[in-house]
Student: 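Mind having a look at this structure? Questions to follow.
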Amino acid sequence: MKIGILTSGGDCPGLNAVIRGAVLKGVITHEAEFVGFRWGWRGVVEGDIMPITRHDVRGLSKQGGTILGSSRTNPFEGENGGPGNIRRMLEAEGIDAIIAIGGEGTLTAARRLVDEGGLPVIGVPKTIDNDLAATDYSFGFDTAVEIATEAIDRLRTTAESHNRAMVLEVMGRHVGWIALHSGMAGGAHAILIPEQPMGIDEICHYVESVRDRGRAPLIVVAEGFKLDTMDEAHSHLGLDAFNRPRLGGIAEKLAPMIEERTGIESRHTVLGHIQRGGAPSAYDRVLATRLGMAAVDAAVDRAWGSMVTLRGTDIARVTIAEATGGLNLVPQSRYDEAKILFG
């Protein structure tokens, strides 16, 4: 069996560990052959292929980024896009299956290719945002939380030195998992997430409560957070290839509002792509490796349209449709738990 692997969408720690796990399991157990599509779906559309051998993945699990490159290319667009063209390319190259490693946009495209063209695609959930339904956690999330927590620890010392309020913006798109976990781990005085719109007066109440106790306030906000006066999440960066808004900048709006209302000197920090970079945590290396191995088994079983997933501590299979049919939102109970610690 000849299997093609791609990494698409935003990069995240653990992608190379998935590739390594897939190749080692495929070569050792199934005597499979592997190729990689360069630059995500762009490589599929353009037929940009590189061989991947067991030697190529040696020591790869600890390496950040992706050896295949990534992009936000939509495989349905362009002269060579669409399921018909992709099927002809697969047949010409003798490729029997595609393992698509990606998040919401990548897997939505994968689902369409299966549903509309019957293409042999297996999905692997990749997102630091942890926003994919049908999996308890996705690799990359743990590393992003560790990076954000370290940033909180560092911001706290400089905030205390100047008696300032700090507003840290983290990623997450339309869910608040990174903000919730890093905020709790770092002892943030308020955590603002998309699932829980809040008024500026309530935010300032938490800030003033912290000041009155002689501390420097530290607020963690997810990029998709909305004030209760906002209809949409703040976005001034246009749309991506899948016509989704590029979020970001809410911390820059909140900091001056807090300063104006409380009189506390306030600064904002947008953590941005630092959350995606560097070596994956040990947890993410293990999870990514297990998912890569399971994806090869699904390809051998010809379970097209399925996605490998984490359920508890076990690796299972679900349909890609289940994973992309809704967001993995922070439940009310988890936010209520964290909110006890605010102020």
Side-chain angles (χ1 to χ4, degrees), residues 10 12-13 64 128-130 140-173 175-196 198 200 202-227 233-234 237 247-281 284 330 334-335 337-343:
C12 84
I128 66 169
D129 303 330
N130 200 42
F141 170 69
D142 184 73
T143 305
V145 169
E146 289 289 339
I147 293 168
T149 301
E150 182 181 355
I152 293 170
D153 292 344
R154 292 177 181 275
L155 285 173
R156 184 181 297 282
T157 61
T158 185
E160 297 284 357
S161 296
H162 295 274
N163 199 30
R164 289 172 173 156
M166 290 289 185
V167 182
L168 173 66
E169 180 180 313
V170 298
M171 287 181 170
R173 288 195 59 77
V175 303
W177 286 109
I178 295 176
L180 182 77
H181 279 235
S182 64
M184 290 187 72
H189 299 112
I191 301 168
L192 312 178
I193 64 175
E195 296 90 336
Q196 299 284 337
M198 189 181 295
I200 189 63
E202 185 176 358
I203 296 170
C204 290
H205 167 74
Y206 291 127
V207 169
E208 290 172 331
S209 174
V210 176
R211 177 196 58 189
D212 293 346
R213 292 189 291 107
R215 300 291 305 280
L218 195 149
I219 309 297
V220 176
V221 57
E223 62 185 358
F225 169 75
K226 301 185 294 291
L227 288 167
H234 180 69
L237 301 173
L247 303 181
I250 185 63
E252 187 176 359
K253 292 178 67 69
L254 288 176
M257 295 172 73
I258 291 171
E259 182 168 333
E260 179 183 0
R261 285 165 172 76
T262 66
I264 304 172
E265 186 179 6
S266 303
R267 295 288 187 271
H268 77 277
T269 298
V270 179
L271 201 52
H273 288 80
I274 290 174
Q275 293 159 94
R276 296 191 181 280
S281 66
D284 279 340
V330 174
R334 288 295 307 273
Y335 193 71
E337 183 180 67
K339 199 170 183 180
I340 294 172
L341 309 173
F342 291 4

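All of these numbers come straight from a predicted model, not from anything done at the bench.
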Student: Nearest 0.5 Å please: distance from the CG atom of L180 over to the NZ atom of K339.
Tutor: 13.0 Å

Student: Hey, does F225 have a side-chain heavy atom less than 4.5 Å from the side chain of H234?
Tutor: no

Student: Quick one: salt bridge (Lys or Arg N to Asp or Glu O under 4.0 Å) partners of R154, sequence neighbours excluded?
Tutor: E150

Student: What pairs of residues pass the side chain to side chain donor-acceptor pair (under 3.5 Å) test when at least one of them lies in residues 268-277, not counting sequence neighbours?
Tutor: none

Student: Which heavy atom of A222 sits nearest to which heavy atom of G176, and what is that distance?
Tutor: CB-CA, 4.3 Å

Student: Return the set of residues passing salt bridge (Lys or Arg N to Asp or Glu O under 4.0 Å) with E252 (not counting sequence neighbours), or none when no residue passes.
Tutor: none

Student: So, for I178 and A148, which heavy atoms are closest and what is the spacing to 0.1 Å?
Tutor: CG2-CB, 4.3 Å

Student: Got V220 and I152 here, is their nearest side-chain heavy-atom distance under 4.5 Å?
Tutor: yes

Student: For K253, check salt bridge (Lys or Arg N to Asp or Glu O under 4.0 Å) against everything at least two apart and list the hits.
Tutor: none

Student: Would you compute the distance between atom CG of D142 and atom OG of S281 and round it to the nearest 0.5 angstrom?
Tutor: 3.5 Å

Student: Within the distance-only criterion (no hydrogens, no angle test), does the side chain of Y206 pair as donor or acceptor with the backbone N or O of I219 below 3.5 angstrom?
Tutor: no

Student: Test your reading of the model: is there a side-chain donor-acceptor pair from R261 to the backbone of I200, 3.5 Å cut-off?
Tutor: no

Student: So do the side chains of I264 and R164 get within less than 4.5 Å of each other, counting heavy atoms only?
Tutor: no

Student: Distance-only, no hydrogens or angles: does the H189 side chain make a donor-acceptor pair with backbone N or O of L218 under 3.5 Å?
Tutor: yes

Student: Would you call I128 and P13 a side-chain contact if the rule is heavy atoms closer than 4.5 Å?
Tutor: yes

Student: Mind checking what makes side chain to side chain contact (heavy atoms under 4.5 Å, CB included) contact with H205, not counting sequence neighbours?
Tutor: none

Student: Just by distance, do the side chain of T157 and the backbone of L155 share a donor-acceptor pair under 3.5 Å?
Tutor: no

Student: Minimum heavy-atom separation for L271 to A151, with atom names?
Tutor: CD1-CB, 3.9 Å

Student: Are L254 and L227 close enough that some pair of their side-chain heavy atoms sits under 4.5 Å apart?
Tutor: yes

Student: Would a distance-only check, ignoring hydrogens and angles, find a side-chain to backbone donor-acceptor pair under 3.5 Å from D284 to T143?
Tutor: yes

Student: Give me the one residue out of L168, I203, L192 that meets side-chain contact (heavy atoms from CB on, under 4.5 Å) with V221.
Tutor: L192

Student: Does F141 have its ring centroid less than 6.0 Å away from the ring centroid of H181?
Tutor: yes

Student: Mind checking salt bridge (Lys or Arg N to Asp or Glu O under 4.0 Å) for R156 and listing every partner two or more places apart, or none if nothing turns up?
Tutor: none

Student: To the closest 0.5 Å, what do you measure between CE (M257) and OG (S266)?
Tutor: 11.5 Å

Student: Is the closest side-chain heavy-atom distance between V330 and W177 below 4.5 Å?
Tutor: yes

Student: Salt bridge between R267 and E265, side-chain N to carboxylate O under 4.0 Å?
Tutor: yes

Student: In plain terms, say whether R173 and E223 are close enough for a salt bridge, that is, a side-chain N and a carboxylate O under 4.0 Å apart.
Tutor: no

Student: Which heavy atom of I191 sits nearest to which heavy atom of F342, and what is that distance?
Tutor: N-CZ, 3.3 Å

Student: Using every non-hydrogen atom in the two residues, find where D153 and G186 come nearest and quote the distance to one decimal.
Tutor: OD1-CA, 4.2 Å

Student: Working to the nearest 0.5 angstrom, can you tell me the gap between T149 OG1 and M184 CE?
Tutor: 11.0 Å

Student: Of all heavy-atom pairs between R215 and N163, which one has the smallest distance, and what is that distance?
Tutor: O-OD1, 4.0 Å

